[in-house]
Amino acid sequence: MTPSSLRGRPRRGTSHISVRVAHGLIGGVVAVLWLLWPELTASWSGDRPGVPSAVAQEEVEGTVEGTVEETPTADLVLPLIALGTAAVLAVYAYIRRARRTRTRTTPGGLPSATLPAPSPLTELDEQARALLVEADDCVRTSREELAFAEAASGREAMDPFARAVREAEWELSAAFAMRQRYDDGVPFEASARRQALAGIVGRCTEAGRRLDAEAAGFDAVRGLERGIEAALEVAEARFREVAGRTSTAEATLEELGRRYASTAAAPVVGFLEQAKDRLVFTTLHLNQARQSADLGEPDRAAAHLRAAEGAVAQAAIFVTAVDRLAGEVSTAGTLIPAALTGAEAEIAGARKRVAEGAPAADIPLGELESRIMHADAVLTAVRETLTTGPYDPLDTLRRVVRAVTPVAAGRAGVLPVAGELVARSATAAAGDFVATHRGVVGAEARTRLAAAQRLLPEEALTADTLARTALHLAEQDVRMHGTPVAGTAPHSTGIGGALLGGILLTEDSTPGAPTSFGGPRTRARRNFPLS
């Protein structure tokens, strides 16, 4: 009976037979060489074992013919033995190499040939980036359509789907946090980084799976194919509301331009033009949705409706961004005097610590003095800006907060409030841009945005930096992408903006299906011609 400790182990006796044969051949060659060695030595030296040297000399001198007959045989023996030995050694090496290849195992005991080769880190990295973008798009699109469905069917009916969106958001948030750490170089080891990327892929996949699982139920509850009238009324009402707010937002933007420096309105430059572009697209597809419904084509009507809902939702983001920025700029303007007073108090406290030789525990005395000098210079420049002409309140407040926070000891409560205001403004601006240009914005900008949103409000300065970086990266992605589809007239139908905004998917450089509630497998299910 086989002992338990040996069960499952490969039987190696058979595999060693050929090796033993090779060993025997080598031993035989060595034995023959040993026996022939004296004869060979005698042939080379002119002597033979057991024959006196005088007789050998006489043979050499008197019997030349005999010597000539023996010499070729002696000369060929050694090369033949060498060749045979080399051949045996080559066979032996080949057998050993073949045996190692057959019996090599992994730590789990399985032959390495049965395991898939690990993906290169760069390929896994690209996969993780692509899945982050895809999962983020699915969550944003699902959230948009859910809002329209709740308006038409009620929150209670849509509660299971709202829960699915929240769960997908949790998975996606964890994936973005892992990606941010990965981009920061944590972890450092290659194997651990591969595991981190695999974790990101798993989180994104789970987020998409959760939305895919609810797509069919969502369609059944919403019932667009049964009747589209109620949903159309909601979308048309939303369209009228946003169109009315657009004209008001134009007046607000003009007021910002008159009162403040041009940089004050920089985060929303072009937003109202893009809002009008989305509204043109909305008008076209609301009309086509109603026509398709009248013609008895509910599937096509649902596709047109979903495209219109996505466009009007993004138009609302553009208009809301202008109104919100105006309020943030106004609030920042009122905070600046108090922030300057608080900043002066913090600097005075820092100077006192220097005079007493008691700097902060983690700041050397010389470093603290340098920071105080920098903060003084910034406050002087800010006061000059306030007195000489138009200024940007948010940027001015940001300069004060960033200059004084490194020397602050928490005496002025206004500085944290000011820091949170500028950080929230920057994060909202980045979020609006990513949401309305998500058809071309990549994973890096989305990752920085998610990190900024996580850090608010506790780490306002870091969140502000990350948000501004996210906006810069997103704008760069849009510039690099260029025209969404060649050969189209994007402003006549709004289709260019719909592609930039991810409202329509792109298939072979042509507009594809409108995106819907769901994950990667189901979000393009309303794949009907929209022309």
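Computed from a prediction, not measured in an experiment: that's the story for all the values here. FYI, the numbering just counts along the sequence from 1.
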Worksheet entry | Test log, rule side chain to side chain contact (heavy atoms under 4.5 Å, CB included), inputs Val319 and Phe271 | CA-CA 7 Å; Val319 174; Phe271 271 27; over 6 Å; no

Worksheet item: What do the steps show when you test Asp125 against Arg193 for salt bridge (charged side-chain N to carboxylate O under 4.0 Å, His left out), and what is the final call?
Response: CA-CA 10 Å; Asp125 185 20; Arg193 289 177 73 76; over 6 Å; no

Discussion item. Could you go through Asp464 and Arg398, starting from their C-alpha distance and side-chain angles, then the distance that decides it, and tell me whether this counts as salt bridge (charged side-chain N to carboxylate O under 4.0 Å, His left out)?
Written reply: CA-CA 9 Å; Asp464 179 59; Arg398 178 179 287 111; 2.9 Å; yes

Item to complete: For the pair Val440 and Met480, evaluate side chain to side chain contact (heavy atoms under 4.5 Å, CB included) and give the outcome as yes or no after the intermediate values.
Response: CA-CA 9 Å; Val440 296; Met480 291 180 62; over 6 Å; no

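Under 4.0 Å is where a charged nitrogen must lie from a carboxylate oxygen, and between Arg258 and Glu255 at least one such pair does. A salt bridge links Asp219 with Arg525: at least one charged nitrogen is closer than 4.0 Å to a carboxylate oxygen. In summary, Arg290 and Asp294 do not engage in a salt bridge, as defined by a charged side-chain N under 4.0 Å from a carboxylate O. Between Arg222 and Glu145 there is a salt bridge, since a side-chain N of the basic residue sits under 4.0 Å from a carboxylate O of the acidic one. The residues Arg238 and Glu241 are annotated as salt-bridged, a charged nitrogen and a carboxylate oxygen being separated by less than 4.0 angstrom. With respect to Arg399 and Asp392, no salt bridge is recorded, no charged nitrogen being found less than 4.0 Å from a carboxylate O. Between Asp323 and Arg245 there is a salt bridge, since at least one side-chain N of the basic residue sits less than 4.0 Å from a carboxylate O of the acidic one. Between Glu214 and Arg210 there is a salt bridge, since at least one side-chain N of the basic residue sits less than 4.0 Å from a carboxylate O of the acidic one.
Counting non-hydrogen atoms of neighbouring residues, nucleotides and ligands closer than 6.0 angstrom, the CZ atom of Arg155 reaches no more than 12 such neighbours.
Applying the side-chain hydrogen bond (donor to acceptor under 3.5 Å, both in side chains) test to every pair with at least one member in residues 330-343, sequence neighbours left out, gives no pairs at all.
With respect to Arg446, the side chain to side chain contact (heavy atoms under 4.5 Å, CB included) criterion is satisfied by exactly one of Val441, Leu473, Leu172: Val441.
The closest side-chain heavy-atom distance from Leu449 to Thr469 is not below 4.5 Å. Gln274 places none of its side-chain heavy atoms less than 4.5 Å from the side chain of Gln314. With a 4.5 Å cut-off on side-chain heavy atoms, Val280 and Thr493 do not count as touching. Within the 4.5 Å cutoff, side-chain heavy atoms of Phe218 are placed close to those of Met158. Taking 4.5 Å as the limit, some side-chain heavy atom of Val165 sits within range of a side-chain heavy atom of Leu211.
A search for salt bridge (charged side-chain N to carboxylate O under 4.0 Å, His left out) contacts involving Glu254 returns nothing, not counting sequence neighbours.
Side-chain contact check for Asp184 and Gln180: at least one donor-acceptor pair (N or O, by modelled atom type) lies under 3.5 Å. With hydrogens and angles left out, the side-chain atoms of Arg402 and Thr465 include a donor and acceptor closer than 3.5 Å.
Ring orientation note: the planes of Phe281 and His285 are tilted relative to one another, at an angle of 30° to 60°.
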